[in-house]
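See below for the structure under consideration.
In what follows, chains are A, B, ... by sequence order, proteins preceding strands, each numbered from 1.
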Amino acid sequence: MTVRVRFAPSPTGHLHIGGARTAIYNWAFARHHGGVFVLRIDDTDLERSTEENTAAILRSLRWLGLDWDEGPDTGGDFGPYYQTQRADTYEPALEHMKANGRAYPCFCSSETLEARRDTARAKGGFSGYDRTCRAIPSDVAMARIDAGEPHVWRLAVPSDRGDIIVNDLIRGETRFPGDAMDDFILMRTDGTATYNFATVVDDWTMGMTHIIRGDDHLSNTPRQVVVYEALDAPVPAFAHMSMIFGADGKRLSKRHGATSLESYAEEGYLPEALLNYLSLLGWSLDGETTLFDRETLVREFDLSRVSTSPAVWDPEKLDWMNGSYIREMDAETFVDTMAPWLEHAGFVTAADFAASREWFLKLVPLVAERIKHFDEIAPKVAFLFTEPTIEPSVREKVLEKDGAAAALSAALEALAAVEFRTEDIEAALRTVPETTGVKAKVAFQAVRVAVTGTTVSLPLFESLELLGKERTLARIAAALQMAVE
RNA sequence: GGCCCGUUCGUCUAGCGGUUUAGGACACCGCCCUCUCAAGGCGGAGAUCACGGGUUCGAAUCCCGUACGGGCUACCA
């Protein structure tokens with residue numbers, strides 16, 4: 001049997017980290033088994049669902065490198081792939097359940113329901129629907145419906161159903177007491193299907209073989225199992241992964257920082273790194289391997305290795321991992337990736353990149369091992385495109401230090417005499433401590449500040465080569481003025 | 001309140017009854033490298049396996065309970 005799995009986000013916002021991981025696991029599972037990965041947009045929350053959000057979610061999934069075999073944009077034999085467009089399948093499903101006595105109309109008002117629930121809960125024990133309307137003879141019920149009385153349709157949980165056992169692929173056997181099962185609402189007064197009814201009908205009619213989702217749905221599973229049974233539909237296999245928490249042990253939310261995948265893209269994280277990191281949040285390849293590519297994930301992914309306990313989102317580890325991927329990039333790709341960041345900073349234009357590609361390629365090794373994500377790049381290379389301003393405190397600490405002026409003067413002279421290549425620049429600057437008696441560290445820091453404006457910079461000799469002789473000498477001369485004043 | 005799930009270094013995890021002085025990764029600390037910062041190399045500290053009972057010759061691993069955390073308990077999804 002072909003494996004069919006789905007990712008069914010609600011377009012009420014951008015793709016969240018947790019949703020992204022659910023998508024990855026479903027995708028990896030499908031690809032591992034040569035199955036079908038389906039994307040369905042669960043847009044039944046009309047109030048909050050938007051087309052923009054749907055588009056953003058698709059964009060984020062693609063950015064991650066996930067592809068789907070069936071979905072809203074790709075089509076497929078099991079469409080439509082928007083839940084709102086599947087509403088006409090719920091009515092026949094309900095008819096089936098009416099016919100076999102597994103659905104019944106309920107005329108209880110929300111208010112009486114609420115009151116009964118409160119008293120039941122106060123007494124302790126079962127607080128679900130008390131099945132009042134289940135006792136109404138069907139001809140009476142039909143008459144009331146015909147008379148136009150408002151009603152919902154409820155699931156009739158068989159009284160002899162017994163415990164519902166879910167053999168979860170991640171957590172193993174989970175048993176839910178049958179007598180704690182609620183005759184929950186399938187169809188609302190307005191004729192729309194509730195979540196637990198709609199998803200089951202959708203998953204069934206779309207031929208899903210495995211439902212892989214967050215464990216916030218674990219408690220919904222026995223309810224859904226009973227619906228499958230009432231529909232005489234095959235029950236799919238379930239796998240519930242734990243959720244992602246923030247550092248405080250609460251569900252990850254906005255107050256923990258960026259939670260949408262899009263914001264990570266905007267900060268210059270690489271999709272490969274996010275995929276890798278997210279994969280490892282609740283799954284392990286072998287306990288040792290931390291860096292792996294998409295093909296390895298597909299080859300090795302296994303639900304039995306998915307963790308049962310919640311994982312805490314760790315931005316520092318993501319940073320490390322992203323940095324690691326950045327360092328592994330080849331220079332050409334790096335240049336292409338950094339281009340938009342430098343353009344956005346206003347340093348260069350796309351044309352500059354094409355014209356000076358060699359120059360940019362030289363910049364790569366200097367900056368690659370110093371950033372964790374691409375939005376850190378602009379400040380590090382700013383001195384190459386704009387005139388640095390030297391903070392008074394830096395000026396005092398470095399340029400006005402004893403020997404700094406002498407060192408700058410000597411550096412100016414030595415550099416003026418050489419070709420501007422890294423090796424020659426280094427050789428020239430190394431003569432400065434000898435000729436002036438100024439300590440190398442002091443001399444080099446003076447030059448660094450003169451040229452970059454900062455005490456921390458990219459490697460000095462290489463930086464000077466990239467800056468070029470003219471600009472370098474001008475900046476050192478200007479700094480020398482400051483030093484002697 | 002009821003039902004369900006979870007609990008191994010700060011964090012992600014390995015571990016599926018003896019091979020464990022509980023392994024790896026991030027973070028942290030130290031040393032090396034070194035023109036600053038990184039990156040890299042080497043080393044270190046860090047977990048009485050939530051707690052309490054069992055079962056067993058033997059338990060992080062199996063069972064029960066307790067605590068704590070989370071989820072569901074809606075005419076939300």
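To the nearest angstrom, C1' of B/C75 lies 15 Å from CG of A/Asp183.
A cation-pi arrangement, defined by a distance under 6.0 Å to the six-membered ring centre and an angle within 45 degrees of its axis, is present between A/Arg21 and A/Tyr25. Relative to the six-membered ring of A/Tyr129, A/Arg154 meets both conditions, a distance below 6.0 Å and an angle of at most 45° to the axis. At least one cation-pi condition fails for A/Arg40 and A/Tyr82: the charged atom is not both under 6.0 angstrom from the six-membered ring centre and inside a 45 degree cone around its axis.
Looking at A/Asp182 and A/Arg223, no side-chain N of the basic residue comes within less than 4.0 Å of a carboxylate O on the acidic one, giving no salt bridge. Ion pairing between A/Arg171 and A/Asp215 holds under the 4.0 Å rule for side-chain N and carboxylate O. Ion pair A/Glu114/A/Arg117 not flagged as a salt bridge, since none of the NZ, NE, NH1 or NH2 atoms sits closer than 4.0 Å to an Asp/Glu carboxylate oxygen. Taking a cutoff of 4.0 Å between a charged side-chain nitrogen and a carboxylate oxygen, A/Lys362 and A/Glu465 qualify as a salt bridge.
Using atom P as the reference point in both B/C28 and B/C72, the two lie 36 Å apart (nearest Å). Using atom P as the reference point in both B/A47 and B/G40, the two lie 26 Å apart (nearest Å). The P atoms of B/G23 and B/G43 are separated by 15 Å, rounded to the nearest whole Å. Here, B/A25 and B/A14 have their C1' atoms 11 Å apart, quoted to the whole Å. Rounded to a whole angstrom, the distance from the P atom of B/U8 to that of B/U61 is 13 Å. One C1' atom belongs to B/G10, the other to B/U19, and the distance between them is 30 Å to the nearest Å. Only the C1' atoms considered, B/C31 is 48 Å distant from B/G53, to the nearest whole Å. To the nearest whole angstrom, the two P atoms, one in B/C16 and one in B/C62, are 11 Å apart.
With hydrogens and angles ignored, a donor-acceptor pair closer than 3.5 Å exists between the side chain of A/Arg448 and the base of B/C35.
Comparing B/U73, B/U11, B/C35 by their closest approach to the side chain of A/Val312 singles out B/U11. Between B/G24, B/C75, B/C4, one nucleotide has an atom nearer to the side chain of A/Lys317 than all others, and that is B/G24. Side chain of A/Arg370, nearest nucleotide from B/G70, B/C75, B/U36: B/U36. Closest to the side chain of A/Phe245, from the set B/C76, B/U7, B/G69, is B/G69. For A/Glu369, whose side chain is taken as the heavy atoms from C-beta onward, the closest listed nucleotide among B/A39, B/G23, B/C37 is B/A39. The side chain of A/Arg327 has B/G40 as its nearest neighbour among B/G40, B/U13, B/C5.
At a non-hydrogen distance threshold of 4.0 Å, A/Ser10 from residues 7-16 of chain A come into contact with RNA chain B.
Using a 4.0 Å heavy-atom cutoff across all strands shown, A/Leu281 reaches sugar-phosphate atoms only and no base atom.
Partner assigned to B/C26 is B/G10, using Watson-Crick or G-U wobble distances below 3.5 angstrom. Under the Watson-Crick or G-U wobble criterion, with both distances below 3.5 Å, B/C72 is paired with B/G2.
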